[in-house]
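Note sheet for the following structure.
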Amino acid sequence: MNEENQNVAAQQETGAQFTIQRIYTKDVSFETPNSPAIFQKEWTPEVKLDLDTRSNKLDEGVFEVVLALTVTASIGEETAFLCEIQQAGIFTIAEIEEVQLAHMLGAFCPNVLFPYAREAVSNLVNRGTFPQLNLAPVNFDALFAQYMQQRAAQAEQATADA
């Protein structure tokens, strides 16, 4: 509780604002291209998860952030299921520095959206009558740091080439 009070006090001092306006499913798709034959096979899938995030400015201090997940389960060369979801949110983020804004849009907001996307994937897989699938947590801070390092390396390479 003390940490929360410190965060609120820091926000009041800096004037920083963060509000979740809305969280919603933007797009969802579930496919079982090899059914019903896939149900006759032993369930030893290879599960692949692809993540992507994007954001766009809707208004001054208002942003939409979209977390796109694609989960593919395959048995050998055959696709058991393909689940795609775009979980989105509208966030008010104001009175913060540009570097902090990039972190909020690239890591913090996707971290807020992930549990909703994870639940949607689990429900879709269940409705497809496949065994339960619970996605492991994702460290969006580490992914964002890796992305920033790649951008810095690309900028360095571009400077060296010029």
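Note that this is a predicted model, so its numbers are computed, not measured. Residue indices begin at 1 and follow the sequence shown. Side chains are part of it too, since the values below use all heavy atoms of this structure and drop only hydrogens, waters and symmetry mates.
Residue L82 is not grouped with residue I75 when hydrophobic side chains (ILVMFWY) are merged at heavy-atom distances under 4.5 angstrom, including chains of intermediate members. One hydrophobic cluster, built from ILVMFWY side chains closer than 4.5 Å, holds both I38 and V47. Linking Ile, Leu, Val, Met, Phe, Trp and Tyr whenever their side-chain heavy atoms come within less than 4.5 Å leaves L101 and I90 in two separate clusters. Follow the hydrophobic side-chain contacts under 4.5 Å out from Y24 and you reach L58 in the same cluster. Hydrophobic clustering (side-chain heavy atoms under 4.5 Å, transitive across Ile, Leu, Val, Met, Phe, Trp, Tyr) groups W43 together with L133.
Under the side-chain contact (heavy atoms from CB on, under 4.5 Å) criterion, V28 pairs with T25, I85, L124, not counting sequence neighbours. Listed by chain and number, the residues in a ring-ring contact (aromatic ring centres under 6.0 Å, His included) with F140 are F114 (sequence neighbours excluded). In this structure, the side chain to side chain donor-acceptor pair (under 3.5 Å) partners of T32, at least two apart in sequence or on a different chain, are S35. Residues satisfying the salt bridge (charged side-chain N to carboxylate O under 4.0 Å, His left out) test with E60, not counting sequence neighbours, are K57. When the salt bridge (charged side-chain N to carboxylate O under 4.0 Å, His left out) test is applied to D59, no partner is found at least two apart in sequence or on another chain. Under the salt bridge (charged side-chain N to carboxylate O under 4.0 Å, His left out) criterion, E84 pairs with no residue at all, not counting sequence neighbours.
Through direct or relayed side-chain contacts under 4.5 Å between Ile, Leu, Val, Met, Phe, Trp and Tyr, F144 connects to Y147, M148. The hydrophobic cluster of V66 has no other members, since no ILVMFWY side-chain heavy atom comes under 4.5 Å of it.
A 4.5 Å side-chain heavy-atom check between F18 and F108 finds at least one atom pair inside the cut-off.
Listed by first and then second residue, the ring pair (Phe, Tyr, Trp, His ring centres under 6.0 Å) pairs that reach into residues 45-87 are F30-F81, F81-F130, sequence neighbours excluded. Sequence neighbours left out, the pairs with a member in residues 100-119 that pass side-chain hydrogen bond (donor to acceptor under 3.5 Å, both in side chains) are H103-D141. For residues 69-83, the pairs satisfying side-chain hydrogen bond (donor to acceptor under 3.5 Å, both in side chains) are K41-E78, with sequence neighbours left out. Among pairs with a residue in residues 15-35, those fulfilling salt bridge (Lys or Arg N to Asp or Glu O under 4.0 Å) read K26-E64, at least two apart in sequence or across chains.
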Show your reasoning for whether side chain to side chain contact (heavy atoms under 4.5 Å, CB included) applies to L69 and L135.
CA-CA 11 Å; L69 297 178; L135 298 176; 4.2 Å; yes
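Summarising the geometry of L113 relative to G89, their closest heavy-atom pair is CD2-N, 3.8 Å, with the distance given to 0.1 Å. For the pair M104 and P110, the tightest heavy-atom approach, listed with the atom from each and the gap, is O-CD, 4.1 Å. Nearest heavy-atom pair, V125 versus P131, reported as atom, atom and distance to 0.1 Å: CG1-O, 3.4 Å. What you find for A117 and L67 is that their closest heavy atoms are CB-CD2, 4.4 Å. Across all non-hydrogen atoms, the minimal contact from S55 to V65 is CB-CG2, 4.0 Å. Minimum interatomic distance between P45 and A73 (heavy atoms only, all atoms of both residues): CB-CB, 4.4 Å.
Ion pairing between a basic and an acidic side chain is recognised when a charged N comes within 4.0 Å of a carboxylate O; K48 and D50 show such pairing.
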